[in-house]
Amino acid sequence: MKKPAPTLWWVRRDFRLADNPALAHAIASGGPVVPVFIHDDSVANLGAAPKWRLGLGLEALAASLEDAGSRLILRKGDALDVLRDLIAQTGAKSVTWSHAYVPDAIERDTKVKAALTDDGIAAESCAGHLLFEPWQVETKAGGFYKVYTPFWRAARDIPVAACLPAPTEIAAPQDWPHSDNLADWKLGEAMSRGADVVRAYACVGEAAAEQRLADFLDGPIEDYREGRDFPSRNVTSGLSENLTYGEIAPRRLWHAGRQALEQGAAGAEHFLKEVVWREFAYHLAYHTPRMLTRSWREEWEDFNWRGDNDDAEKWRRGMTGEPMVDAAMRELYTTGTMHNRSRMIAGSYLTKHLLTDWRVGQAWFEQTLIDWDPASNAMGWQWVAGSGPDASPFFRVFNPETQAEKFDGSQNYRDLHLKGGEDEEGRNPAEDFYRAIPKSWNITDKTPRPDRIISLKEGRERALAAYKGAKEQG
DNA sequence: TACACCTTTGC
DNA sequence: CAAAGGTGT
C-alpha cells in the first residue's frame, strides 16, 4: 500500500501541541507532518518585545516537537514562495494552518489559499486562536456587537467543543527539509533594553502555560473578582502572554473556567468574562479593521491630539512625576507586561492629562509588551481614550492619585517599581529597571524623582476643555 | 417604539 | 450627583 503524502503544518500563532485543530488536521491526513514557521513580513514588522518573545516561543515549540519525534522547520521569505518550495521538496499534498483575523494576514492567507488550491494542494485553515469565530456571534438583527455586555450574554451560552488531546508522537517525513537556525534570525536584535532582564519575567512555552493555569486555579481565582483590580496583589492569571503566542488554547481556559464555576470558585465567572474580552477585541477588529489604526468613532479623527512630544517621552521613561503612572511605565519596561489597572491609569494620563494621541501609547505598548496583541491593544487604547465603541466617555478622566489611594493604598506597587524590594519570586523590579534602560535615558537610582508635568487639577480641566471645544466645533 | 442599559470615575 | 449618546432587545 502506498504511504500517504506528507502534510505541511504552517505554524503561526499556535505554539502548542494540545488542542490544536490545525495540527490535529495535519496528523489526521495519515501521512508525515512537516511543521514549518515562516518568517515573513508579519514577523519582520513586529515590535521589539513581541518579536523577541516570539523567538523564545519558537524555541520552546521546537523542543516539544522534538519530544514528539518531530521538528520545527524555520524558513524566511514570502509565505507562498516558502510553502511552494517545501511542497516541491517534501512531496506534500496538503497544508493546514490556524485562522488569522487581522487585515494583512487575512489578505495574505486568502492569496495563499487560492494559489495552493490552483496548484492542486489541499489547503485547510482551521479555528483555534479564538473560542468563537468573529462572524459566529451576531445580534438579533444580524449585525456585529459594539457593546461588551450583550456580546458576553450572546457568547457565554454558545457551545464550545471539547479540547483535543496533544499527540504523543508525530510522524516524521523520510527526509527533513532544510531549516534556518533560529539564532540567525536575530529576533531579539531590536530589544535595545536588556533582554536578559525581561527574560526573568517571561513565562515561556506550553508546559509553563499549563502550570500557570494550574497555579491560578489553585488559589488566586478565589480572589480574582475583587483582587484583580489591585496591581500589587498577584491574583491575575498572567496568561495573556501565552494566549498571544497560542501556547495555551482559549478553549482550555474556557473549559477550565467553566469547571471552576461549577465547583463554586468565586472568581470563575469574571475569569471567563476576561477570556471573552479577548474574543470581543477580535470581534471588533474583524468587523471594523480600521480600529487597529484609526479612531473607531470617526469624529475623533478630528480631535486635536498632540502627536509625539517631550511629555510623551517622559511618560515612556516613567518620568512624569506622577508616582502611579511612573510605576506602571517602569513595570512595563522591566517586565514586559503591565497590570490592567495600571494600563488604564497610564493610558488615561497620556491621552487626557497629556492630551497625546492614543496611537503614541499604542505604538509604545507594541514595542514593549511581551503579551502584545493587535486587537486587545487597539481596543484598550481606544477604550481609555474614549474614541472606541463601548468606550469610557472622554470626560471620565482617571485621577492617578485617587486611583493610587484606592488600588495601591499600601503603596506596595509604587514602592516595588520606584524604590526597590523583592517580589514574590525574589526579583527586584526597581533595580532591574536601571539595568534594562538604555544609557541614553540618563536615569540612575540617584536621579531624583521629577516634578509633575502638570497639576492633576489643571490636566483634568485642560482635557475637559479640549473635549468641550471639539464637541462645539462639531 | 420604548426602554433599560452601558467593566473599570471624579468631586 | 454630574457627565452623552449609542446599543440591543
Side-chain angles (χ1 to χ4, degrees), chain A residues 137-157 223-233 235-236 240 267-281 283-284 287-288 291 295-300 303 322 324-325 328 338-353 358 361 375-377 379-409 413 454-474:
Chain A
V137 188
E138 279 190 334
T139 66
K140 292 253 190 312
F144 67 95
Y145 283 97
K146 302 173 188 74
V147 176
Y148 174 74
T149 303
F151 178 83
W152 157 253
R153 286 200 266 255
R156 66 181 168 189
D157 297 320
D223 300 325
Y224 189 69
R225 188 189 165 129
E226 291 80 21
R228 58 176 297 282
D229 260 330
F230 296 80
S232 70
R233 290 193 212 167
V235 299
T236 61
S240 57
E269 185 173 5
H270 277 77
F271 178 64
L272 291 170
K273 280 187 170 174
E274 292 304 321
V275 175
V276 170
W277 265 102
R278 175 173 173 275
E279 301 285 320
F280 185 52
H283 183 78
L284 291 174
H287 290 286
T288 48
M291 182 185 85
S295 291
W296 194 89
R297 292 182 197 279
E298 308 272 0
E299 64 273 23
W300 278 98
F303 189 77
E322 202 55 62
M324 194 64 185
V325 173
M338 194 197 285
H339 189 277
N340 181 53
R341 170 62 51 183
S342 311
R343 293 188 200 208
M344 291 190 284
I345 297 168
S348 175
Y349 187 81
L350 180 73
T351 55
K352 294 174 183 178
H353 288 85
W358 60 269
S376 296
N377 195 35
M379 181 185 68
W381 274 101
Q382 297 220 47
W383 182 87
V384 81
S387 64
D390 198 23
S392 158
F394 191 88
F395 54 75
R396 185 176 294 174
V397 180
F398 280 65
N399 180 326
E401 208 166 57
T402 309
Q403 288 281 315
E405 279 163 26
K406 224 168 148 182
F407 297 106
D408 186 38
Y413 177 75
I454 186 167
S455 83
L456 295 179
K457 185 168 183 287
E458 198 185 334
R460 174 187 170 82
E461 281 165 6
R462 188 173 71 174
L464 292 175
Y467 171 60
K468 210 174 154 200
K471 223 174 48 166
E472 278 161 11
Q473 285 227 323

Integer-rounded Å distance: C:dG6 P and A:Phe395 CZ: 13 Å

Between A:Asn399 and B:dT9, does any side-chain N or O lie under 4.0 Å from OP1 or OP2? no

For the side chain of A:Lys140, counting heavy atoms from C-beta on, which of C:dT9, B:dC6, B:dT8 is nearest? C:dT9

For the residue pair A:Thr351 and A:Trp381, establish whether any side-chain heavy-atom pair is separated by less than 4.5 Å. yes

Using Watson-Crick or G-U wobble geometry with both distances under 3.5 Å, which nucleotide pairs with B:dA2? C:dT9

Can you measure A:Arg233 atom CZ to B:dT8 atom P for me and round it to whole angstrom units? 19 Å

Using only atom types and a distance under 3.5 Å, with no angle test, would you say the side chain of A:Thr288 pairs donor to acceptor with the backbone of A:Leu284? yes

Atom P, compared across C:dA4 and B:dC3: separation rounded to whole Å: 23 Å

Between P on B:dT8 and CD on A:Glu274, what's the gap in Å once rounded to a whole number? 12 Å

Counting side-chain heavy atoms from C-beta on, which of C:dT9, C:dT7, B:dT8 comes nearest to A:Thr139? C:dT9

Between B:dC11, B:dT9, C:dG6, which one does the side chain of A:Arg297 approach most closely? C:dG6

Out of C:dG5, B:dT8, B:dC11, which has the shortest distance to the side chain of A:Thr402? B:dC11

Are the side chains of A:Met324 and A:Tyr413 in contact, using a 4.5 Å heavy-atom criterion? yes

Selected nucleotide, minimal atom distance to A:Met344 side chain, candidates B:dT8, C:dT9, C:dG5: B:dT8

Min side-chain heavy-atom separation A:Leu456-A:Pro400 under 4.5 Å: yes

If only side-chain N and O atoms of A:Tyr145 are considered, is one of them under 4.0 Å from the OP1 or OP2 phosphate oxygen of C:dT9? yes

Indicate whether OP1 or OP2 belonging to C:dG6 is found under 4.0 Å from a side-chain N or O atom of A:Lys146. no

A:His339 side chain to A:Arg228 backbone, donor-acceptor under 3.5 Å: yes

Reckon A:Gln403 has a side-chain N or O less than 4.0 Å from the OP1 or OP2 of B:dG10? yes

In Watson-Crick or G-U wobble terms, both distances under 3.5 Å, what is the partner of C:dA4? none

Between atom CD in A:Glu138 and atom C1' in C:dG8, what is the gap in whole Å? 14 Å

Look at A:Glu274 together with A:Arg278 and state whether they make a salt bridge at an N to O cut-off of under 4.0 Å. no

Under 4.0 Å between a side-chain N or O of A:Arg396 and OP1 or OP2 of C:dA3? no

Mind checking if A:Tyr148 touches a base, just sugar-phosphate, or nothing, with heavy atoms under 4.0 Å? sugar-phosphate

Rounded to whole Å, please give me the gap between CZ in A:Arg228 and C1' in B:dT8. 8 Å

From CH2 of A:Trp152 across to C1' of C:dT9 the rounded distance in Å is 19 Å

OP1 or OP2 of B:dC11 under 4.0 Å from side-chain N/O of A:Arg460: yes

When all nucleic acid strands are considered with a 4.0 Å heavy-atom cut-off, which category describes A:Glu461: base, sugar-phosphate, or nothing? nothing

Let me know the distance between CZ of A:Phe407 and P of B:dT8, rounded to the nearest Å. 11 Å

What integer distance in Å separates A:Tyr467:OH from B:dT9:P? 17 Å

